[in-house]
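Every value quoted in this text rests on a predicted model; they were computed, and no experiment measured them. Each chain gets a letter, A, B and so on, in the order its sequence line appears, and its residues count up from 1. All heavy atoms count here, side chains included; hydrogens, waters and symmetry mates do not.
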Amino acid sequence: MDETNSLIAQRRTKLADLKEQGINPYANKFTPSETCQEALDNYAEDKEVSIAGRIMSHRVMGKSQFLHLKDQSGRIQIYGQKQALGDDSFATLKHLDLGDIIGATGTLFTTRMGEKSIKVSSFVVLSKALRPPPEKFHGLEDTEIRYRQRYLDLIANDDVKSVFLKRSAIIKEMRSFLHDRGFVEVETPMMQAIPGGAAAQPFVTQHNALGCQFYMRIALELYLKRLLVGGIDRVFEIGRNFRNEGLSRRHNPEFTMLEAYQAFGDYESMMELVQSMICHIAEKVTGTLVIEHKNDDGEVTKTIDLTPDWRRVPYKDLIREKAGADWFELSPADRRSKALELGAEIHDDDEDFEVSNAIFEKFIEPTLIQPTFVTHLPKELVPLAKLSPDDPTTVEVFECCINGQEIAPAYTEQNDPIQQRESLEQQAGGEQQKLDEDFLVALEHGMPPAGGMGLGIDRLCMMLLGQENIRDVILFPQMKPKA
RNA sequence: GCCUCGGUAGCUCAAUGGUAGAGCAGUUGACUCUUAAUCAAUUGGUUGUAGGUUCGAGUCCUACCCGGGGUACCA
């Protein structure tokens, strides 16, 4: 970033030299006949092609020189020969730098070493780079630069680019899967007067003309349910949520969620939907249902098998496995002391169900590597779901855990306006969280029974693409501004 | 927020408290099939910032900045 850097000064001098020679170093247009990869795939001896790309390597040897050009599709070698180009053009090519973008026209041939290449007859400078690219062999390792200047990461590290191309494919397959099932994609407000649908601290923003505060949304839920009331029976949104929380390997303050609602469905319909959708995406994008995660040395650290049907297990059974068969027969005080004994984080003001949930989150969720539907959660944990008829202390809910993380919760959605108001009021606990009256009025107009699900797309990408850090599936993860 | 590790040339990394170095990139030269090209010469530094200890600090101490890991907040 240092403007006085001598490498930058040299490149500025080269830029001036090009202009002096009457060459526009930022030509307006160059239309390649094919991409680098297409040129290789459709190879024919002596065929004339034109391609464009960034100079990734440059080897000069007397009266000939070799360069590799890279575009989004891949890279191809070009060969510049003094005899073919002429003295001036050869010299211009020779003084181009790594990182410059050029367009080249020539004929396809194969070198003695067997690499399909282009023998250049002419070239155009499309963009002179004034800063040097990262080192060619080690690539870019500095995590801070990788995240802050992601474009350098994408130029230097092909595997990083591959992750983001696959993320795009994942979202594309998600959309087409849902469209095929008759779901309608919508967009709902990101700035909301009352942020609802989840428990999280919101970000605050200010509207000047209206003279009031808005909150950045923390969930999509309450607006999508209004649309169920409005008769859009299958509806989904893919969009950003904003939560004012700490950052970690699994948390970015803004993250992407899918939420989908299906009228006349329930949490079991959602189970089928989640399982089918994730399997569809995995097969389309990765070509397999068996996902391997590897460490830096390339050793497989875990294998996730997505082959249906996924395990279904009630929440309480998992807790009994870990904390003892008699866990739910203990007194609340005994549960608290036993949880502390086990090493769970318990706060003095935690309610009884939070003590059990601490066991789940600390000791059980991280072990759920293989896809698992955790069902029958205690009703206190989920105020927007309906009670289970067979056990009214629980709700018709699942949390789909994969890779040790909650990836997709889903409910049989509460559509009884009176019960919904009660549980939201209880949840609000006085003045701390305002009630979304407009949402409750909408329910009073009648919402069809429905199944609803949310899916953290960033975490889904981590699971499918073998990434252990959420920052490695978000192009521009949140960073503190440099002072 | 707390704990902990780290920040040295454009990039990747060295350097017992004792003259800040290498590879790559760059510059100049040689070379008409190279591909981590090769060979020769050569440029490049406020060691994250500000203080302190010391005859002497990249190295030890303090504070701060930024980042990684962990932890906390996250019905």
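- What separates NZ of A:Lys94 from C1' of B:U28 is a distance of 10 Å, to the nearest Å.
- At most 12 non-hydrogen atoms from other residues, nucleotides or ligands lie less than 6.0 angstrom from NZ of A:Lys294.
- Between A:Arg471 and the phosphate of B:G68, there is a side-chain N or O to OP1/OP2 separation shorter than 4.0 Å.
- Comparing B:U32, B:U35, B:A75 by their nearest atom to the side chain of A:Ser64 picks out B:U32.
- Side-chain proximity of A:Ala200 to the nucleotides B:C74, B:G10, B:G67 is greatest for B:C74.
- Nucleic acid contact for A:Glu380: sugar-phosphate only, since backbone atoms but no base atoms lie under 4.0 Å from a heavy atom of the residue.
- Counting non-hydrogen atoms under 4.0 angstrom, A:Glu141 reaches the backbone sugars and phosphates but no base.
- OP1 and OP2 of B:G68 both lie 4.0 Å or more from every side-chain N or O belonging to A:Arg148.
- When heavy atoms are screened at a 4.0 angstrom cut-off, A:His347 is found touching the sugar-phosphate backbone but no base atom.
- Expressed to the nearest 0.5 Å, how far CG of A:Leu318 lies from CZ of A:Phe363 amounts to 14.5 Å.
- Checking B:G10, B:C33, B:G68 against the side-chain heavy atoms of A:Met61 singles out B:C33 as nearest.
- Distances shorter than 4.0 Å separate some side-chain N or O of A:Lys480 from OP1 or OP2 on B:C66.
- Across all strands, A:Phe255 comes closer than 4.0 Å to no nucleic acid atom at all (heavy-atom distances).
- The shortest side-chain heavy-atom distance between A:Arg459 and A:Met463 does not fall under the 4.5 Å cut-off.
- When distances run from any side-chain atom of A:Asp97 to the nucleotides B:U28, B:C73, B:G26, the shortest one goes to B:G26.
- The 5' end of RNA chain B is approached more closely, in terms of each residue's nearest nucleotide, by A:Lys82 than by the other of A:Glu245 and A:Lys82.
- Under the side chain to side chain contact (heavy atoms under 4.5 Å, CB included) test applied with A:Tyr26, the options A:Leu18, A:Leu15, A:Val125 reduce to a single match, A:Leu15.
- The 12-atom threshold is not exceeded at CD of A:Glu20, counting heavy atoms of other residues, nucleotides or ligands nearer than 6.0 Å.
- Contact between the side-chain N/O atoms of A:Lys119 and the OP1/OP2 oxygens of B:C33 is not found at any separation under 4.0 Å.
- Taking 4.0 angstrom as the limit, A:Asn357 places none of its side-chain polar atoms (N or O) nearer than this to OP1 or OP2 of B:A75.
- Rounded to the nearest Å, the gap between the P atom of B:G10 and that of B:G44 is 12 Å.
- Here A:Arg249 reaches the OP1 or OP2 of B:G70: one of its side-chain N or O atoms lies under 4.0 Å away.
- At whole-Å resolution of the value, CG in A:Asp142 and C1' in B:U8 are 13 Å apart.
- Nucleic acid contact for A:Asn244: none, since no nucleic acid atom lies under 4.0 Å from a heavy atom of the residue.
- The distance from the CD atom of A:Glu221 to the CG atom of A:Asp436 is 11.5 Å, given to the nearest 0.5 Å.
- In this structure the side chain of A:Leu93 never reaches within 4.5 angstrom of the side chain of A:Phe90, judged on heavy atoms.
- The strand RNA chain B forms stems, runs of 3 or more Watson-Crick or G-U wobble pairs with distances below 3.5 Å, at B:1-7 with B:65-71, B:10-13 with B:21-24, B:26-30 with B:38-42, B:48-52 with B:60-64.
- Comparing B:C11, B:C74, B:U35 against the side chain of A:Glu115 picks out B:U35 as the nearest.
- Here the options are A:Gln420, A:Met453, A:Lys386, A:Met447, the test is side chain to side chain contact (heavy atoms under 4.5 Å, CB included), and the partner is A:Glu413; only A:Met447 passes.
- Between the P atoms of B:G17 and B:C60, the separation comes to 7 Å (whole Å).
- The residue A:Lys362 sits apart from the nucleic acid: no heavy atom pair falls under 4.0 Å.
- Within 4.0 Å (heavy atoms only), A:Thr111 reaches at least one base atom of the nucleic acid.
- Using a 4.0 Å heavy-atom cutoff across all strands shown, A:Leu377 reaches no nucleic acid atom at all.
- The P atoms of B:G56 and B:C13 are separated by 34 Å, rounded to the nearest whole Å.
- Proximity of A:His251 to the phosphate of B:C73: no side-chain N or O atom is located under 4.0 Å from OP1 or OP2.
- Put simply, the side chain of A:Gln65 and the base of B:U34 share no donor and acceptor less than 3.5 Å apart.
- A residue-by-residue look at A:Ser57 and A:Gln83 shows that A:Gln83 has its nearest nucleotide of RNA chain B further toward the 5' end.
- Separating the NZ atom in A:Lys94 from the CG atom in A:Leu67 is a distance of 12.5 Å, to the nearest 0.5 Å.
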